[in-house]
Amino acid sequence: MSRQYGVESGYSAGFTSYSPAWLDALTQLVRRLRDTGAQVLVLGPVPDPQSVPTCLSAHLDDATACSPARATAVNESGVAAEAAAVRVGGGQYADLTELFCTAKQCPVIVGNTLVYVEKHLTIEYVRLLAPAIGTLMDRTLAQGQ
């Protein structure tokens, strides 16, 4: 997914995720942070779901109907380009896709836990993911040393 940012969000009109300007700015930011001596870890994006509560209310008997296909929810080439831009800047990148998606889908409910409220993660799911993200961050940073 590529998101368009406009003036109302504080960005210049036409600024989109994964665009050349986005990637160049990311590389420059990582490089500046690395120049201070800091380790830099950029966490990749969370998959982009549809309107989860609305969808679930229309599919009370089948939550999987609301789980977008991975190919729809994740911009794989954008994530790869973002990871490359971070590496060029001297940082580390952690792709979070595997924490949210199977090979084919990105479930909106995992076990008994709702993953999203609109396009935001639920507090409950974040609490479940915190140990896994902490471990992922530790491993990724250790590989960069």
Testing the basics here: between [X] and [Y], what is the closest heavy-atom pair and its distance to 0.1 Å?
X: Leu23; Y: Tyr18; value: CD1-O, 3.6 Å
X: Pro107; Y: Ser67; value: CA-OG, 3.2 Å
X: Gln92; Y: Thr140; value: OE1-O, 3.5 Å
X: Gly44; Y: Leu96; value: O-CD1, 3.3 Å
X: Gln39; Y: Leu141; value: NE2-O, 3.3 Å

In a check of side chain to side chain contact (heavy atoms under 4.5 Å, CB included) between Pro68 and each of Asp48, Val52, Val74, Val108, which one passes? Val108
Could you tell me whether the side chains of Asn75 and Ser77 share a donor-acceptor contact shorter than 3.5 Å? yes
side-chain contact (heavy atoms from CB on, under 4.5 Å) between Leu56 and Ile109, intermediate numbers included: CA-CA 10 Å; Leu56 288 173; Ile109 295 177; 4.2 Å; yes
Assess whether side-chain contact (heavy atoms from CB on, under 4.5 Å) is satisfied between Leu121 and Tyr116, documenting all intermediate values. CA-CA 4 Å; Leu121 297 174; Tyr116 304 96; 3.8 Å; yes
Has the side chain of [X] got a donor or acceptor atom that lies under 3.5 Å from a matching backbone atom of [Y]?
X: Ser57; Y: Thr54; result: yes
X: Thr122; Y: Leu114; result: yes
X: Thr27; Y: Gly89; result: no

Tabulate below the donor-acceptor pairs under 3.5 Å that side-chain atoms of residues 80-88 make, not counting sequence neighbours, or state none.
unit_1	atom_1	unit_2	atom_2	d
Glu82	OE1	Tyr93	OH	2.5
Glu82	OE2	Trp22	NE1	2.9

Residues 25-84 vs ring pair (Phe, Tyr, Trp, His ring centres under 6.0 Å), sequence neighbours excluded, gives none
With rounding to the nearest 0.5 Å, note down the distance linking CZ in Arg31 to CD in Gln28. 7.5 Å
Distance (rounded to the nearest 0.5 Å) between Gln143 CD and Leu41 CG: 10.5 Å
Look at atom CD1 of Ile123 and say whether more than 12 heavy atoms of other residues, nucleotides or ligands are closer to it than 6.0 Å. no
Does the side chain of Leu33 reach to within under 4.5 Å of the side chain of Leu29, using non-hydrogen atoms? yes
Do any pairs count as a side-chain hydrogen bond (donor to acceptor under 3.5 Å, both in side chains) and have a residue in residues 105-114, sequence neighbours left out, and if so which ones? none
